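Below is one structure, written out as structure tokens, with a few remarks after it.
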There are 2 protein chains.
Amino acid sequence: MTTTTEENYLKAIYHLSSRHQKSVLTSEIAGSLSTTSASVTDMLKKLSDKNLVEYERYKGVRITRKGEKVALSIIRRHRLWEVFLTDVLKFKWDEVHDMAEELEHVSSDELVKRLDSYLGYPKFDPHGDPIPDTNGKVPANGQQLLSEMTSTGTYVISGVNDHSPAFLQFLEKKGLVPGTVFSIMEIDGFDHSMHIEFQNRKSTYISKEVSRNILIKSHA
Amino acid sequence: MTTTTEENYLKAIYHLSSRHQKSVLTSEIAGSLSTTSASVTDMLKKLSDKNLVEYERYKGVRITRKGEKVALSIIRRHRLWEVFLTDVLKFKWDEVHDMAEELEHVSSDELVKRLDSYLGYPKFDPHGDPIPDTNGKVPANGQQLLSEMTSTGTYVISGVNDHSPAFLQFLEKKGLVPGTVFSIMEIDGFDHSMHIEFQNRKSTYISKEVSRNILIKSHA
DNA sequence: AAATAAAATTAGATTAGTCTAAAATTAGAA
DNA sequence: TTCTAATTTTAGACTAATCTAATTTTATTT
């Protein structure tokens, strides 16, 4: 039905769409997939012919309901495999992305169903990203960006926006993994760096660069 | 390094090689992969350039040490995933082949290593096929073809040669699954059909067509 | 040993995905 | 509002894998 390459384009377009309301630009897609605008244009025509995106020359592209369903099903598989890799095979959260990137294209729906059941129907992947259900519904998660916080308070780390091994390893070292509870002690007015304190009283500083990529929930 | 298609050709050539000593013929490969001889010829040149096979025009092909290593590593992955699918996700033995066919091409060696460890280092897959180790060693298994037996005796079913869902479902219905203990009561001189009896005294008849595809070991 | 049948190879196309370089279009600036 | 710069698209070519049809080679049979 859809090739692996088409699936990767749809995933990229879906992710870029959710970052802003406007149409997704050819160059954005090219950037995100490390390919050329020429290749993207070709693929957009193909996806448009299959009614997976609405595409108008020079005007960028919007994903259709049908395309979104495909994208969400791939994202569901990706995140379920990430849970499998960390929870069952004990990989670290910074090691699973590339493997999940391959596993997500294995096509059996029954396999995904059984995997989901075996894992106990997880709602979030190891990076805190919500796992869409079979119908493409994404669980609401009340996550906010740490960088958007303007006042002190106590929070739990629930996810990340940057999934690169480098960033994940940095967070690991600083003790900023999902589930960690911390309080914002002070926010610097000049560079928006934050002074935060953990439950064990240890504290550290976080730059805006970092807080921009950390997702949190308020702590009960 | 190797593409999925190249891996599938190497697997086919490896399997065909083990059926006879001679070079593998272009048409055998085409038949086994449901493709044309023309396509096979093209691919043989490519594999030969990569030193994965020894190929001489019109003379058929032999797999090299290097090609065999690749084939065995794919076969290892395939069989480990089959164990995962049956033992962990509870699929039936006649359902796992196509999924394993896709999973075997996921490239991470570390993933295979962890999977192997998680499954408890199994030596055989659900169809009784031996799982090659990391170095490409295939465990000796003392298996024989049921159709080769010439005298009465007691045996255990240890595997099959035909992996098609139709055949596996037939065996399931007849109670001829791996692990089943039975005795050969009589072999018909005319059509080589066998009268066999199970431990619970029930008995059945097996045609040569069937016994040709059942692997057995002698029962302790 | 020549004729013929079977098998294998080559020639030439096709499809999916990609690229570079050139042309077209849009949007921002003077 | 015209010009310029940035973006996007087209044109043309390449690689991997495939096909059909034609040709070549091998093997068999008379």
Side-chain angles (χ1 to χ4, degrees), chain A residues 1-13 16-17 19-63 67 70-71 74 101-102 104-107, chain B residues 1-13 16-17 19-63 67 70-71 74 101-102 104-107:
Chain A
M1 203 75 281
T2 47
T3 65
T4 292
T5 312
E6 288 171 345
E7 288 175 357
N8 285 334
Y9 271 92
L10 287 172
K11 229 185 355 158
I13 295 166
L16 291 166
S17 296
R19 293 233 231 298
H20 55 66
Q21 309 314 318
K22 290 162 274 180
S23 293
V24 178
L25 303 177
T26 302
S27 51
E28 289 183 274
I29 301 168
S32 126
L33 292 176
S34 301
T35 183
T36 61
S37 289
S39 303
V40 174
T41 299
D42 284 350
M43 181 55 85
L44 292 183
K45 286 179 198 157
K46 197 175 309 176
L47 293 174
S48 181
D49 288 346
K50 292 193 178 184
N51 292 311
L52 295 164
V53 300
E54 267 177 62
Y55 169 63
E56 209 183 331
R57 270 159 68 261
Y58 294 103
K59 294 291 169 57
V61 76
R62 272 175 205 284
I63 199 161
V70 175
I74 305 302
E101 207 71 11
E102 293 186 61
E104 71 188 9
H105 300 292
V106 173
S107 62
Chain B
M1 205 75 276
T2 46
T3 66
T4 292
T5 311
E6 288 170 345
E7 288 175 357
N8 286 334
Y9 272 90
L10 287 173
K11 228 183 0 153
I13 295 166
L16 292 166
S17 295
R19 293 232 232 298
H20 55 67
Q21 308 315 316
K22 291 162 272 180
S23 294
V24 178
L25 303 176
T26 302
S27 51
E28 289 183 275
I29 301 168
S32 126
L33 292 176
S34 299
T35 184
T36 61
S37 290
S39 303
V40 174
T41 300
D42 283 351
M43 181 55 85
L44 292 183
K45 286 180 197 157
K46 199 176 309 176
L47 293 174
S48 181
D49 289 345
K50 293 193 178 186
N51 292 311
L52 295 164
V53 299
E54 264 177 66
Y55 168 63
E56 208 183 332
R57 269 160 70 262
Y58 294 102
K59 296 287 169 59
V61 76
R62 273 176 204 282
I63 199 160
V70 175
I74 305 302
E101 207 70 11
E102 293 187 59
E104 71 188 11
H105 300 291
V106 173
S107 62

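Since the structure is predicted, the reported quantities are computational estimates derived from the model, not experimental observations. To find a chain, count down the sequence lines: A is the first, B the second, and so on, and within it residues start at 1. The basis for the numbers below is simple: all heavy atoms, side chains too, and nothing from hydrogens, waters or symmetry mates.
- A:Lys50 has its NZ atom 13 Å from the C1' atom of C:dG17, to the nearest Å.
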Query raised in the report: side-chain contact (heavy atoms from CB on, under 4.5 Å) between B:His105 and A:Val106: does it pass, once the steps are laid out?
Result: CA-CA 10 Å; B:His105 300 291; A:Val106 173; over 6 Å; no
Which pairs, protein N/O on one side and nucleotides 4-6 of chain C N/O on the other, fall under 3.5 Å?
none

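- One atom, NZ of A:Lys22, and another, P of C:dT26, lie 18 Å apart when rounded to the nearest Å.
- Sorted pairs that involve residues 28-46 of chain B and meet salt bridge (charged side-chain N to carboxylate O under 4.0 Å, His left out), not counting sequence neighbours, are lacking altogether.
- For B:Glu56, the salt bridge (charged side-chain N to carboxylate O under 4.0 Å, His left out) criterion is met by no residue, not counting sequence neighbours.
- Residue B:Ser27 has a polar side-chain atom (N or O) positioned under 4.0 Å from OP1 or OP2 of C:dA8.
- Remark: B:Lys45 is in phosphate contact with C:dT10, judged by side-chain N or O atoms under 4.0 Å from OP1 or OP2.
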**Report entry** Evaluation steps, side-chain contact (heavy atoms from CB on, under 4.5 Å), between A:Ile63 and A:Val70
**Finding:** CA-CA 10 Å; A:Ile63 199 161; A:Val70 175; over 6 Å; no
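- The separation between A:Leu25 atom CG and C:dT26 atom P is 14 Å, rounded to whole Å.
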Report summary line: Contact string for nucleotides 13-25 of chain D, one letter per nucleotide 5' to 3', B = base within protein heavy-atom range under 4.0 Å, S = sugar-phosphate only, - = neither, reads ---SSBBB---BS
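- We find that CD of B:Glu56 is positioned 14 Å from C1' of C:dT9, with the value rounded to whole Å.
- Recorded end-axis angle for the helix from C:dA1-D:dT30 to C:dA30-D:dT1 stands at 10°, based on five pairs per end and rounded to 10 degrees.
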Report task. Could you please spell out the steps behind the side-chain contact (heavy atoms from CB on, under 4.5 Å) verdict for B:Leu10 and B:Leu52? Result -> CA-CA 8 Å; B:Leu10 287 173; B:Leu52 295 164; 4.0 Å; yes
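- In this structure, the side-chain hydrogen bond (donor to acceptor under 3.5 Å, both in side chains) partners of A:Ser107, at least two apart in sequence or on a different chain, are B:Glu102.
- Partners of B:Glu101 by side-chain hydrogen bond (donor to acceptor under 3.5 Å, both in side chains), not counting sequence neighbours, listed by chain and number: B:Lys11, B:His78, B:His97.
- Checking the phosphate oxygens (OP1, OP2) of C:dT9, a side-chain nitrogen or oxygen of B:Thr26 falls inside 4.0 Å.
- In this view, A:Ser48 and A:Val53, A:Tyr55 satisfy the side-chain contact (heavy atoms from CB on, under 4.5 Å) rule, not counting sequence neighbours.
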Please output the side-chain donor-acceptor pairs of residues 29-38 of chain A that fall under 3.5 Å, not counting sequence neighbours, one pair per line with the distance.
unit_1, atom_1, unit_2, atom_2, d
A:Thr36, OG1, A:Ser39, N, 3.2
A:Thr36, OG1, A:Ser39, OG, 2.9

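- Going from atom NZ of A:Lys59 over to atom C1' of C:dT26 covers 9 Å, rounded to whole Å.
- Take A:Glu6 and apply the salt bridge (charged side-chain N to carboxylate O under 4.0 Å, His left out) test, not counting sequence neighbours, and it matches A:Lys50.
- Look at B:Tyr55 and you won't find any side-chain N or O under 4.0 angstrom from OP1 or OP2 of C:dA8.
- Annotation: side-chain hydrogen bond (donor to acceptor under 3.5 Å, both in side chains) contacts of A:Thr2 (sequence neighbours excluded): A:Glu7.
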